[in-house]
Amino acid sequence: MIPNIKLNNGVEIPQLGLGVLKMTDGPEVESSVLKALELGYRHIDTAAGYGNEGGVGKAVKASGLKREDIFITTKLANKDQGYDSALKAFDASLKLLQTDYLDLWLIHWPQPMYDQYVDCWKAFIKLYEEKRIRAIGVSNFVPEHLDRIIAETGVVPAVNQIECHPYLTNTPLREYCAKLGIAIEAWSPLMQGGEVLRNELIISLAAKYGKTPAQIVLRWDIEKGNIIFPKSVNEARIKENMGIFDFSLEAPDIAAIDGLNRDFRTGPDPYTFSRR
Ligand code: NAD
(Lines give C-alpha, C1' and ligand atoms only; values in the text may rest on other atoms or scores of the structure.)
Protein backbone atom coordinates (compact mmCIF):
# COMPACT_ATOMS: atom_id res chain seq x y z
CA MET A 1 0.00 0.00 0.00
CA ILE A 2 2.88 2.39 0.78
CA PRO A 3 5.05 2.83 -2.34
CA ASN A 4 8.83 2.62 -2.30
CA ILE A 5 11.29 5.19 -3.65
CA LYS A 6 14.49 3.88 -5.20
CA LEU A 7 17.58 5.63 -3.83
CA ASN A 8 20.66 6.37 -5.95
CA ASN A 9 22.33 3.10 -4.93
CA GLY A 10 19.28 0.97 -5.78
CA VAL A 11 18.08 0.55 -2.18
CA GLU A 12 14.33 1.01 -1.79
CA ILE A 13 12.77 3.05 1.00
CA PRO A 14 9.06 3.27 1.84
CA GLN A 15 7.92 6.78 0.92
CA LEU A 16 5.98 7.07 4.20
CA GLY A 17 7.27 6.21 7.63
CA LEU A 18 6.78 7.21 11.26
CA GLY A 19 8.92 9.98 12.78
CA VAL A 20 9.58 9.69 16.50
CA LEU A 21 11.01 13.08 17.46
CA LYS A 22 9.91 14.13 20.97
CA MET A 23 8.52 10.70 21.83
CA THR A 24 9.82 9.71 25.23
CA ASP A 25 11.81 6.50 25.45
CA GLY A 26 9.78 3.70 27.01
CA PRO A 27 6.05 3.08 26.64
CA GLU A 28 5.33 6.17 24.51
CA VAL A 29 7.72 5.44 21.67
CA GLU A 30 7.29 1.67 21.97
CA SER A 31 3.51 1.74 21.68
CA SER A 32 3.54 4.31 18.85
CA VAL A 33 6.06 2.35 16.76
CA LEU A 34 4.32 -0.93 17.45
CA LYS A 35 0.95 0.53 16.49
CA ALA A 36 2.38 1.96 13.27
CA LEU A 37 3.95 -1.38 12.36
CA GLU A 38 0.65 -3.15 13.05
CA LEU A 39 -1.13 -0.68 10.77
CA GLY A 40 1.34 -1.34 7.94
CA TYR A 41 4.11 1.23 8.38
CA ARG A 42 7.49 -0.28 7.54
CA HIS A 43 9.80 2.71 7.98
CA ILE A 44 10.88 4.40 11.22
CA ASP A 45 12.88 7.62 11.45
CA THR A 46 14.71 8.14 14.72
CA ALA A 47 17.99 9.76 15.81
CA ALA A 48 20.55 9.23 18.55
CA GLY A 49 19.68 12.77 19.64
CA TYR A 50 16.03 11.83 20.24
CA GLY A 51 17.10 9.52 23.06
CA ASN A 52 14.60 6.86 22.04
CA GLU A 53 16.52 4.40 19.86
CA GLY A 54 16.18 1.82 22.66
CA GLY A 55 12.39 2.02 22.56
CA VAL A 56 12.36 1.82 18.78
CA GLY A 57 14.52 -1.32 18.96
CA LYS A 58 12.18 -2.90 21.52
CA ALA A 59 9.10 -2.14 19.42
CA VAL A 60 10.66 -3.57 16.27
CA LYS A 61 11.49 -6.77 18.17
CA ALA A 62 8.02 -6.91 19.73
CA SER A 63 6.36 -6.53 16.33
CA GLY A 64 7.50 -10.02 15.35
CA LEU A 65 8.27 -8.69 11.85
CA LYS A 66 11.46 -9.71 10.12
CA ARG A 67 14.22 -7.16 10.49
CA GLU A 68 14.66 -6.99 6.71
CA ASP A 69 11.01 -5.97 6.32
CA ILE A 70 11.49 -2.76 8.32
CA PHE A 71 13.47 0.25 7.12
CA ILE A 72 15.26 1.88 10.05
CA THR A 73 16.90 5.30 9.85
CA THR A 74 18.87 6.89 12.63
CA LYS A 75 21.19 9.89 12.80
CA LEU A 76 24.59 10.69 14.21
CA ALA A 77 24.24 12.99 17.22
CA ASN A 78 25.86 16.40 16.89
CA LYS A 79 28.03 15.77 19.94
CA ASP A 80 29.54 12.69 18.29
CA GLN A 81 30.90 14.40 15.18
CA GLY A 82 34.41 13.35 14.11
CA TYR A 83 35.75 10.20 12.43
CA ASP A 84 36.46 8.01 15.45
CA SER A 85 33.56 9.25 17.52
CA ALA A 86 31.16 8.63 14.64
CA LEU A 87 32.34 5.01 14.39
CA LYS A 88 31.83 4.58 18.11
CA ALA A 89 28.42 6.23 18.03
CA PHE A 90 27.36 3.90 15.22
CA ASP A 91 27.97 0.85 17.40
CA ALA A 92 26.06 2.44 20.27
CA SER A 93 23.05 3.13 18.01
CA LEU A 94 23.06 -0.44 16.69
CA LYS A 95 23.11 -1.79 20.22
CA LEU A 96 20.13 0.31 21.29
CA LEU A 97 18.24 -0.54 18.13
CA GLN A 98 19.04 -4.27 18.66
CA THR A 99 20.20 -4.71 15.09
CA ASP A 100 23.46 -5.49 13.33
CA TYR A 101 22.93 -3.12 10.42
CA LEU A 102 21.16 0.14 9.58
CA ASP A 103 19.08 0.85 6.51
CA LEU A 104 20.00 4.53 6.50
CA TRP A 105 22.33 6.61 8.63
CA LEU A 106 22.39 10.40 8.44
CA ILE A 107 24.67 13.19 9.63
CA HIS A 108 22.02 15.03 11.65
CA TRP A 109 23.31 18.62 11.23
CA PRO A 110 26.34 19.94 9.34
CA GLN A 111 27.51 22.21 12.21
CA PRO A 112 29.86 24.02 9.82
CA MET A 113 31.42 25.97 12.71
CA TYR A 114 33.18 22.79 13.87
CA ASP A 115 34.21 21.68 10.38
CA GLN A 116 33.86 17.97 11.15
CA TYR A 117 31.20 16.90 8.70
CA VAL A 118 33.69 15.72 6.07
CA ASP A 119 35.39 13.48 8.65
CA CYS A 120 31.97 12.12 9.63
CA TRP A 121 31.19 11.43 6.00
CA LYS A 122 34.43 9.43 5.66
CA ALA A 123 33.37 7.28 8.63
CA PHE A 124 29.95 6.79 7.02
CA ILE A 125 31.63 5.66 3.77
CA LYS A 126 33.80 3.16 5.63
CA LEU A 127 30.76 1.57 7.30
CA TYR A 128 28.84 1.60 4.03
CA GLU A 129 31.72 -0.17 2.27
CA GLU A 130 31.75 -2.73 5.09
CA LYS A 131 28.04 -3.29 4.33
CA ARG A 132 26.99 -2.31 7.83
CA ILE A 133 24.66 0.36 6.43
CA ARG A 134 22.54 -0.04 3.31
CA ALA A 135 22.47 3.66 2.44
CA ILE A 136 24.15 6.78 3.82
CA GLY A 137 22.92 10.33 3.74
CA VAL A 138 22.86 13.72 5.37
CA SER A 139 20.37 16.05 6.98
CA ASN A 140 20.07 19.82 6.93
CA PHE A 141 22.86 20.16 4.36
CA VAL A 142 22.86 23.14 1.98
CA PRO A 143 24.60 23.10 -1.43
CA GLU A 144 28.01 24.15 -0.12
CA HIS A 145 28.07 21.28 2.39
CA LEU A 146 26.91 18.78 -0.23
CA ASP A 147 29.49 20.01 -2.74
CA ARG A 148 32.26 19.70 -0.22
CA ILE A 149 31.62 16.11 0.90
CA ILE A 150 31.20 15.04 -2.72
CA ALA A 151 34.37 16.84 -3.86
CA GLU A 152 36.43 15.41 -0.99
CA THR A 153 35.19 11.80 -1.16
CA GLY A 154 33.49 11.27 -4.52
CA VAL A 155 30.50 9.76 -2.69
CA VAL A 156 27.07 11.33 -3.24
CA PRO A 157 24.62 11.01 -0.32
CA ALA A 158 21.52 8.92 -0.95
CA VAL A 159 19.27 11.45 0.82
CA ASN A 160 19.19 14.92 2.29
CA GLN A 161 16.62 15.22 5.09
CA ILE A 162 15.49 18.85 5.25
CA GLU A 163 12.67 20.92 6.67
CA CYS A 164 9.96 21.03 4.02
CA HIS A 165 6.22 21.84 4.10
CA PRO A 166 3.98 24.22 2.18
CA TYR A 167 5.26 27.26 4.14
CA LEU A 168 8.90 26.28 3.39
CA THR A 169 8.91 24.49 0.06
CA ASN A 170 12.71 24.67 -0.10
CA THR A 171 12.44 24.52 -3.90
CA PRO A 172 15.99 25.64 -4.88
CA LEU A 173 17.57 23.12 -2.50
CA ARG A 174 15.23 20.34 -3.63
CA GLU A 175 16.10 21.07 -7.26
CA TYR A 176 19.81 21.12 -6.44
CA CYS A 177 19.53 17.70 -4.78
CA ALA A 178 17.47 16.32 -7.67
CA LYS A 179 20.25 17.24 -10.11
CA LEU A 180 22.73 15.31 -7.98
CA GLY A 181 20.41 12.29 -7.65
CA ILE A 182 19.86 12.89 -3.92
CA ALA A 183 16.38 11.99 -2.65
CA ILE A 184 14.58 14.47 -0.41
CA GLU A 185 13.23 13.53 2.98
CA ALA A 186 10.89 16.26 4.23
CA TRP A 187 11.01 16.78 7.98
CA SER A 188 8.17 18.43 9.91
CA PRO A 189 5.90 17.85 6.88
CA LEU A 190 2.92 18.96 9.00
CA MET A 191 4.80 21.97 10.37
CA GLN A 192 4.61 20.18 13.72
CA GLY A 193 0.83 20.48 13.64
CA GLY A 194 1.10 24.22 13.01
CA GLU A 195 -0.64 26.89 11.01
CA VAL A 196 -0.52 25.14 7.64
CA LEU A 197 -3.24 22.76 8.85
CA ARG A 198 -5.53 25.74 9.44
CA ASN A 199 -4.72 27.46 6.16
CA GLU A 200 -7.80 28.40 4.12
CA LEU A 201 -6.57 26.86 0.88
CA ILE A 202 -5.63 23.59 2.60
CA ILE A 203 -9.04 23.46 4.30
CA SER A 204 -10.85 24.08 1.01
CA LEU A 205 -8.82 21.34 -0.70
CA ALA A 206 -9.60 18.98 2.19
CA ALA A 207 -13.32 19.57 1.50
CA LYS A 208 -12.83 19.17 -2.27
CA TYR A 209 -11.04 15.80 -1.98
CA GLY A 210 -12.94 14.50 1.06
CA LYS A 211 -9.71 14.29 3.05
CA THR A 212 -8.31 15.98 6.16
CA PRO A 213 -5.97 18.99 6.02
CA ALA A 214 -3.09 16.77 7.20
CA GLN A 215 -3.78 14.30 4.39
CA ILE A 216 -3.76 17.11 1.79
CA VAL A 217 -0.42 18.41 3.03
CA LEU A 218 1.11 14.93 3.16
CA ARG A 219 -0.24 14.06 -0.30
CA TRP A 220 1.43 17.22 -1.64
CA ASP A 221 4.76 15.75 -0.46
CA ILE A 222 4.00 12.44 -2.15
CA GLU A 223 3.25 14.29 -5.41
CA LYS A 224 6.61 16.07 -5.08
CA GLY A 225 8.41 12.75 -4.67
CA ASN A 226 9.44 13.57 -1.10
CA ILE A 227 9.90 10.86 1.51
CA ILE A 228 7.95 11.69 4.70
CA PHE A 229 7.54 10.40 8.24
CA PRO A 230 4.93 12.49 10.05
CA LYS A 231 5.05 12.06 13.80
CA SER A 232 2.09 11.06 15.93
CA VAL A 233 1.56 9.07 19.11
CA ASN A 234 -2.17 8.98 18.46
CA GLU A 235 -3.44 5.80 16.80
CA ALA A 236 -6.20 7.51 14.83
CA ARG A 237 -3.72 10.04 13.41
CA ILE A 238 -1.09 7.41 12.66
CA LYS A 239 -3.81 5.72 10.61
CA GLU A 240 -5.05 8.97 9.08
CA ASN A 241 -1.51 9.86 7.95
CA MET A 242 -1.36 6.64 5.90
CA GLY A 243 -4.60 7.41 4.10
CA ILE A 244 -2.91 9.35 1.32
CA PHE A 245 -2.41 6.73 -1.35
CA ASP A 246 -5.98 6.40 -2.61
CA PHE A 247 -6.20 9.83 -4.25
CA SER A 248 -4.01 12.34 -6.06
CA LEU A 249 -3.99 16.11 -6.27
CA GLU A 250 -4.70 17.83 -9.57
CA ALA A 251 -1.80 19.84 -11.01
CA PRO A 252 -3.39 23.28 -10.39
CA ASP A 253 -3.97 22.33 -6.74
CA ILE A 254 -0.35 21.25 -6.35
CA ALA A 255 0.73 24.59 -7.85
CA ALA A 256 -1.62 26.46 -5.50
CA ILE A 257 -0.07 24.71 -2.48
CA ASP A 258 3.41 25.56 -3.84
CA GLY A 259 2.23 29.17 -3.80
CA LEU A 260 1.84 29.09 0.00
CA ASN A 261 5.61 29.18 0.39
CA ARG A 262 6.86 31.97 2.65
CA ASP A 263 10.30 30.53 3.50
CA PHE A 264 9.07 30.05 7.05
CA ARG A 265 11.21 27.78 9.22
CA THR A 266 9.79 26.01 12.27
CA GLY A 267 13.25 24.69 13.07
CA PRO A 268 16.79 26.07 13.18
CA ASP A 269 18.93 27.38 10.35
CA PRO A 270 21.47 24.80 9.10
CA TYR A 271 24.20 27.44 8.74
CA THR A 272 24.17 28.43 12.38
CA PHE A 273 22.63 25.56 14.34
CA SER A 274 24.77 23.71 16.80
CA ARG A 275 23.61 21.83 19.84
CA ARG A 276 26.02 19.40 21.38
P1 NAD B 1 5.40 16.82 12.02
O2 NAD B 1 5.33 17.88 10.98
O3 NAD B 1 5.40 15.40 11.62
O4 NAD B 1 4.22 17.13 13.02
C5 NAD B 1 3.92 16.28 14.10
C6 NAD B 1 2.79 16.90 14.93
O7 NAD B 1 1.69 17.19 14.08
C8 NAD B 1 2.26 15.94 15.97
O9 NAD B 1 2.98 16.07 17.17
C10 NAD B 1 0.83 16.37 16.11
O11 NAD B 1 0.75 17.48 16.98
C12 NAD B 1 0.48 16.85 14.73
N13 NAD B 1 -0.19 15.82 13.89
C14 NAD B 1 0.27 14.62 13.47
N15 NAD B 1 -0.64 14.02 12.68
C16 NAD B 1 -1.69 14.86 12.59
C17 NAD B 1 -2.91 14.80 11.91
N18 NAD B 1 -3.25 13.75 11.16
N19 NAD B 1 -3.76 15.86 12.06
C20 NAD B 1 -3.43 16.93 12.79
N21 NAD B 1 -2.27 17.05 13.45
C22 NAD B 1 -1.41 16.03 13.35
O23 NAD B 1 6.65 17.19 12.95
P24 NAD B 1 8.03 16.55 13.34
O25 NAD B 1 7.86 15.48 14.34
O26 NAD B 1 8.91 17.70 13.69
O27 NAD B 1 8.60 15.95 11.96
C28 NAD B 1 8.43 14.61 11.55
C29 NAD B 1 9.69 13.81 11.73
O30 NAD B 1 10.77 14.40 11.00
C31 NAD B 1 10.23 13.80 13.18
O32 NAD B 1 9.48 12.99 14.03
C33 NAD B 1 11.63 13.35 12.92
O34 NAD B 1 11.66 11.96 12.68
C35 NAD B 1 11.99 14.13 11.67
N36 NAD B 1 12.68 15.41 11.95
C37 NAD B 1 13.98 15.53 11.58
C38 NAD B 1 14.67 16.70 11.83
C39 NAD B 1 16.10 16.83 11.38
O40 NAD B 1 16.78 17.78 11.77
N41 NAD B 1 16.61 15.91 10.59
C42 NAD B 1 14.05 17.78 12.46
C43 NAD B 1 12.71 17.64 12.82
C44 NAD B 1 12.03 16.46 12.54
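Counting starts at 1 for both ligands and their atoms, following the listed order.
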#### Entry: Protein heavy atom at shortest distance from atom 2 (O) of ligand 1
L190 N, 2.7 Å
### Task
With heavy atoms under 4.0 Å as the rule, classify the contact between K22 and ligand 1 as side chain, backbone, both or neither.
neither
#### Entry: Contacting atoms of ligand 1, where contact means under 4.0 angstrom from a heavy atom of W109
40 (O)
#### Entry: Nearest neighbour in protein (non-hydrogen) for atom 21 (N) of ligand 1
R237 CZ, 3.4 Å
### Message
Below a 4.0 angstrom heavy-atom separation, can you tell me which part of T266, side chain or backbone, both or neither, approaches ligand 1?
### Response
neither
### Task
Apply the test ring-ring contact (aromatic ring centres under 6.0 Å, His included) to residues Y50 and H108: give CA-CA distance (whole Å), side-chain angles for both, the deciding distance (0.1 Å), then the verdict.
CA-CA 11 Å; Y50 301 168; H108 205 151; 5.7 Å; yes
### Message
Just to confirm my output: which protein heavy-atom neighbour is closest to atom 31 (C) of ligand 1, and how far is it?
### Response
L21 CB, 3.5 Å
### Query
So does E175 pair up with K179, basic N to acidic O under 4.0 Å?
no
### Summary
shortest atom 18 (N) of ligand 1-to-protein heavy-atom contact is with N241 OD1, 2.8 Å
### Task
Check each of W187, F273, F229 against atom 42 (C) of ligand 1 and report the one with the nearest heavy atom.
W187
### Contacting atoms of ligand 1, where contact means under 4.0 angstrom from a heavy atom of A214
17 (C), 18 (N), 19 (N)
### Message
Tell me whether the count of non-hydrogen atoms from other residues, nucleotides or ligands lying under 6.0 Å of NZ in K224 goes above 12.
### Response
yes
### Message
Please list the nearest protein heavy atom to atom 5 (C) of ligand 1 with its residue and the distance rounded to 0.1 Å.
### Response
K231 O, 3.3 Å
### Query
Is E195 atom CD crowded by more than 12 heavy atoms from other residues, nucleotides or ligands, each under 6.0 Å away?
no
### Pair K58 + D25: basic N to acidic O under 4.0 Å
no
### Query
Just going by heavy-atom distances, which of V20, V196, N140, D45 is nearest to atom 40 (O) of ligand 1?
N140
### Query
With only distance considered, is K75 within less than 3.5 Å of ligand 1 through an N or O on each side?
no
### Query
Does any pair with a residue in residues 56-106 pass ring-ring contact (aromatic ring centres under 6.0 Å, His included), and if so which ones, sequence neighbours excluded?
H43-F71, F90-W105, W105-F124
### Query
Is it true that K211 and D246 have a side-chain N and a carboxylate O under 4.0 angstrom from each other?
yes
### Message
Could you check whether atom CD of E200 has more than 12 heavy atoms from other residues, nucleotides or ligands sitting under 6.0 Å from it?
### Response
no
### Query
Which atoms of ligand 1 are found less than 4.0 Å from any heavy atom of L197?
20 (C), 21 (N)
### Query
Counting only heavy atoms, which portion of P189 has something under 4.0 Å from ligand 1: side chain, backbone, both, or neither?
both
### Query
Among protein heavy atoms, which sits nearest to atom 33 (C) of ligand 1, and what does the distance come to when rounded to 0.1 Å?
Y50 OH, 3.3 Å
### Message
I want to confirm something. Looking only at heavy atoms, which of G19, C164, G243, S188 is nearest to atom 24 (P) of ligand 1?
### Response
S188
### Query
Strictly by modelled atom types, are E53 and T74 linked by a side-chain donor-acceptor pair under 3.5 Å?
yes
### Query
Under 3.5 Å, side chain of E163 to main-chain N/O of R265, donor-acceptor pair present?
no
### Task
If you have a sec, work out which protein heavy atom is nearest atom 7 (O) of ligand 1 and how many Å separate them, to one decimal?
G193 N, 3.2 Å
#### Entry: Short N-O contact, R67 and D100, less than 4.0 angstrom
no
### For atom 4 (O) of ligand 1, closest protein heavy-atom neighbour
Q192 CA, 3.2 Å
